[in-house]
Amino acid sequence: MPYELTAVGLGPGDPELITLKGFRALQAANFIFVPQSKGGEQSLALRIAQPHIDPTRQQVIALALPMTRNSQELIPAWQAAADTIWQTLDEAGQGEESNHPQKTYRAVYLLLGDPLLYGTFTYIWTEIAQRYPQISVQIVPGITSFAATAATVGMPLSATSDRVAILPASYETDTRTLHQLMAQFETVILMKAGPVLPQLLDVLSELNLIKSTIYAERVGMPEERVVTDLNQLPKEPAPYLSLLIVKRG
C-alpha cells in the first residue's frame with residue numbers, strides 16, 4: 001500500500017505566498033498534519049492553510065510539539081509525531097486494502113517558512129526514515145520570513161560578492177561573536193530573535209549597528225510588525241517568530 005507524506009513550507013504567514021506546488025500537495029492530501037505547541041494555541045500553519053482545506057474529505061491532525069531545548073521532551077515528541085503519522089496512514093490503508101489495493105494515501109505536514117531551515121520537520125523526518133521506511137517523503141520548499149521582510153522594506157540581502165549569514169539568534173547574543181560575524185559577512189540574519197531581543201539590542205548598540213538593522217515579527221500575518229528604527233523598540237522580549245536583518249555599512 002503506497003503512503004506519501006509531503007512537507008509543505010507555507011511561507012512566513014501570507015496565504016498568497018504559498019507556492020503552487022505546495023497548494024497542489026495540500027489539495028491532494030487525505031490527511032493534514034500540523035504542529036501545535038503543548039500550550040494548546042491554534043496552529044499558525046493551520047490558520048494560514050485553513051481557507052484551502054476541505055473538511056468533508058480531509059482530516060486535520062495536530063501534532064503536539066513542545067517549544068523547548070530539552071532533548072528529554074523533544075525526542076519523545078518527535079517519535080510520537082512519527083508514530084501518529086504512520087498509524088494514521090496505515091489504518092486508512094488497512095481499512096480499504098481489499099477494495100483499493102493500489103490506492104496511494106497522501107498526507108501533508110504543514111509548517112511556516114521552509115521545511116529545511118530551522119524547522120522541527122527535519123527531526124520528525126529522521127524518525128520516519130528510521131522507523132517507517134514504507135512512507136515516501138517529499139519536500140516542498142517555502143518562502144522564508146527574511147526573504148519576505150527584505151521584499152517588504154526593499155532591502156537587497158546581497159549583491160555581487162556579498163556574503164550572507166543565517167543564524168539562530170539565541171546563540172549569538174555576545175558582542176564578540178556578532179562583531180566577528182559582521183567582519184566576515186555583509187548581511188547577518190538572526191532568526192527567532194524575540195526571546196533574546198533585549199540582549200541583541202544591547203550588542204547592536206555597542207557595535208553601532210542599530211541604524212543598520214531591520215526588525216520584523218510575524219511577517220505576512222495580520223499582526224505583522226516591521227521596524228526600521230530600532231530605537232523605537234522597547235528592550236523587552238518579543239514574539240518567538242521574529243528576526244533581525246543586520247547590514248554592514
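- Residues passing the ring pair (Phe, Tyr, Trp, His ring centres under 6.0 Å) test with F185, sequence neighbours excluded: none.
- Under a hydrophobic clustering in which Ile, Leu, Val, Met, Phe, Trp and Tyr are joined whenever their side-chain heavy atoms come within less than 4.5 Å, directly or via other members, V227 and I245 fall into different clusters.
- Within the 4.5 Å cutoff, no side-chain heavy atoms of L243 are placed close to those of Y215.
- Residues satisfying the ring pair (Phe, Tyr, Trp, His ring centres under 6.0 Å) criterion with Y109, sequence neighbours excluded, are F121.
- Contact check for V8 versus L10: side-chain heavy atoms found under the 4.5 Å cut-off.
- Of the possible polar contacts, none joining the S205 side chain to the L201 backbone as a donor-acceptor pair under 3.5 Å is found.
- A salt bridge links R248 with E186: the distance from a Lys NZ or Arg NE/NH1/NH2 to an Asp or Glu carboxylate oxygen falls below 4.0 Å.
- The CG atom of L200 sits 11.5 Å away from atom CG of L209, with the distance rounded to the nearest 0.5 Å.
- Sorted by first and then second residue, the side-chain hydrogen bond (donor to acceptor under 3.5 Å, both in side chains) pairs with a member in residues 135-159 read S136-Q138; sequence neighbours excluded.
- Around atom CD of E223, more than 12 heavy atoms belonging to other residues, nucleotides or ligands sit under 6.0 Å away.
- A distance of 16.0 Å separates CD in E217 from NZ in K192, rounded to the nearest 0.5 Å.
- By the rule that hydrophobic residues join a cluster once side-chain heavy atoms approach within less than 4.5 Å of another member, I124 and L116 end up as members of one cluster.
- At least one side-chain heavy atom of R163 sits less than 4.5 Å from a side-chain heavy atom of Q184.
- Other residues, nucleotides and ligands place more than 12 heavy atoms under 6.0 Å from the CZ atom of R57.
- The cluster map of Ile, Leu, Val, Met, Phe, Trp and Tyr, joined by side-chain heavy atoms under 4.5 Å apart, puts F31 and L63 in the same cluster.
- Using a 4.5 Å heavy-atom cutoff, the side chains of I166 and V188 are not in contact.
- A distance of 11.5 Å separates OG1 in T175 from CD in Q199, rounded to the nearest 0.5 Å.
- Within the 4.5 Å cutoff, the side chain of L241 has heavy atoms near those of the L112 side chain.
- The shortest side-chain heavy-atom distance between P115 and I139 falls under the 4.5 Å cut-off.
- Grouping the Ile, Leu, Val, Met, Phe, Trp and Tyr side chains by contacts below 4.5 angstrom, directly or via other members, places L190 apart from V226.
- Counting non-hydrogen atoms of other residues, nucleotides and ligands closer than 6.0 Å to CG of N208 gives a total of 12 or fewer.
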Audit row: S43, Q36, side chain to side chain donor-acceptor pair (under 3.5 Å) steps and yes/no: CA-CA 5 Å; S43 166; Q36 186 171 38; over 6 Å; no
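- Partners of W78 under the ring pair (Phe, Tyr, Trp, His ring centres under 6.0 Å) rule, at least two apart in sequence or in another chain, are Y123.
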Criterion side-chain contact (heavy atoms from CB on, under 4.5 Å) on Q134 and L89, from CA distance to verdict: CA-CA 10 Å; Q134 306 94 319; L89 289 170; over 6 Å; no
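- Legend: salt bridge (charged side-chain N to carboxylate O under 4.0 Å, His left out) pairs involving residues 119-133, not counting sequence neighbours, sorted by first then second residue: D83-R131, E127-R131.
- The shortest distance between side-chain heavy atoms of L244 and L204 falls below 4.5 Å.
- Residues in residues 13-33 take part in no side-chain hydrogen bond (donor to acceptor under 3.5 Å, both in side chains) pair, two or more places apart or across chains.
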Test side-chain contact (heavy atoms from CB on, under 4.5 Å) applied to R218 and R225, step by step: CA-CA 7 Å; R218 297 184 179 272; R225 182 166 69 135; over 6 Å; no
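- T187 is not listed as a side-chain neighbour of D162, based on a closest heavy-atom distance of 4.5 Å or more.
- Cluster membership for L117 and V108, using ILVMFWY side-chain heavy atoms within less than 4.5 angstrom, is not shared.
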